[in-house]
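Worksheet: one structure, shown below.
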Amino acid sequence: MDASSTTNIPLVDLASQHAEVESDVLSGLEDVFATTAFIGGTAVGQFEGAYAEWLGVAHCVGVANGTEALELALRATGVDAGSEVIIPVNTFIATAEAVVRIGAIPVFVDVDPAHLLIDPAKVAEAVTDRTRAIVPVHLFGQAAPVEQLQDIAASCGATIIEDAAQAQGATRNGRPAGGLGAVAGTSFYPGKNLGAAGDAGAVTTNDPEIAKRVRLLGAHGSATKYVHDVVGFNSRLDTIQAVVLNAKLRRLSAWNGLRQEAAARYAEMLGDVPGISVPTSAEGNEDVWHLYVIRTAARDRALAGLSEAGIGAGIHYPTPLHLTGAFAQLGLAEGAFPVAERAAREILSLPLYPHITIAQQKFVVETLRALV
Ligand SMILES: *Cc1c(COP(=O)(O)O)cnc(C)c1O
């Protein structure tokens, strides 16, 4: 298939990305197999250093996936069983899973209607004497208002742990998403702005003690082979994934720039389409457009029509977490989080990736115009 055709436009185009890095990846893999350094090895350390530097944080610890990155970040900052952790209700379920995995209690809060990011006023209302952490999610490619959570966190002794899985390279007031709180978890799931060829993730922090603790917990509680001071588990960044990530990291700034250009084009092209509102970036934010999420009352019709036309649109996410079966036991009914619930009925993610062409975007917009 011609990647620039308009007959089949994917939501995310991983093939074009891979074509750019293929020769780097293959030569890196040859080294791994030649040395049989399958665990750790130079690629992992190289990636950790390069990612920390690219992001602008002091430490990066590679781990197995984004969910475990968040779990390790929570554990490394002392969040334990019975602790309450405040999270936005409209996130990928992994944010909440990480909390539940350590026996802590997810406390959902609603989001701001303009950007669907965690609402600091709602966080303040949700604080109790058991609150140990607040997890702002940098959703769709832009940073949550972390600085507005600092006073709330300080007043109750909570730690700010960022979910940076959708915002690799985003900044807020010139500071990097993933370096705004005490510690952050990120994911290199293939479809993320920086994606591996399988599962991978990382924890980033400016605090050397937290970095050390994450590394310990993710390596069987052991800093020295067969000396186990705490019970940890196995969550390592796979060497083969580190090879892929090294190759893609070198192109990530350029790819994020192409996403920004594509987002600006959508905003212009969609400006005169009635019945649609286009996403905007909050003040102070440099947005890296992980997803391009419009809103329309005709969402279901638009999604069906786009699919029929061969356009891969999606919904991120169709069900706010309190209404999923997984969290039914919290007893939170429809109406608990009106902003997120309304958004879930109206949001629609359009195809957006670094290699999307103007012709593809025009086709998406013209197809959409006829549907809404
Ligand atoms: C992708 C994602 C994760 C988890 O990532 P995995 O690597 O799939 O475990 C966590 N939070 C958010 C917001 C995500 O988008």
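These figures come from a predicted structure and were not determined experimentally. Numbering of ligands and ligand atoms starts at 1, following listing order.
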Inset, instruction - For this output row, return yes or no: ring centroids of Tyr189 and Phe92 closer than 6.0 angstrom. - result: no

Inset, instruction - Flag the pair His220 / Phe233 as yes when their ring centroid distance falls below 6.0 Å, and as no otherwise. - result: no

Legend entry - Sub-4.5 Å side-chain heavy-atom contact between Tyr266 and Ile294: no

Sequence neighbours left out, cut at 3.5 Å: what donor-acceptor pairs do the side chains of residues 77-86 make with other protein atoms?
unit_1, atom_1, unit_2, atom_2, d
Thr77, OG1, Ala73, O, 2.9
Thr77, OG1, Leu74, O, 3.0
Asp80, OD1, Ser83, OG, 2.7
Ser83, OG, Asp80, N, 3.2
Ser83, OG, Asp80, O, 2.9
Glu84, OE1, Thr128, OG1, 2.8
Glu84, OE2, Arg130, NE, 3.4
Glu84, OE2, Arg130, NH2, 3.2

With the criterion set at N/O pairs under 3.5 Å, what does the list of contacts between the protein and ligand 1 look like, atom names and distances included?
unit_1, atom_1, unit_2, atom_2, d
ligand 1, 5 (O), Ser187, OG, 3.1
ligand 1, 7 (O), Gly66, N, 2.8
ligand 1, 7 (O), Ser187, OG, 2.7
ligand 1, 9 (O), Gly66, N, 3.3
ligand 1, 9 (O), Thr67, N, 2.8
ligand 1, 9 (O), Thr67, OG1, 2.5
ligand 1, 11 (N), Asp163, OD1, 3.3
ligand 1, 11 (N), Asp163, OD2, 2.7
ligand 1, 15 (O), Gln166, NE2, 2.9
ligand 1, 15 (O), Lys192, NZ, 3.0

Legend entry - Hydrophobic cluster (4.5 angstrom, side-chain heavy atoms) - remaining members for Leu11: Val12, Leu14

Scan the side chains in residues 104-115 for donor-acceptor partners under 3.5 Å anywhere in the protein, sequence neighbours excluded, and list what turns up.
unit_1, atom_1, unit_2, atom_2, d
Asp110, OD1, Ala340, N, 3.0
Asp110, OD2, Val339, N, 2.9
Asp112, OD1, Ala114, N, 2.9
Asp112, OD1, His115, N, 2.8
Asp112, OD2, Leu117, N, 3.1
His115, NE2, Thr280, OG1, 3.3

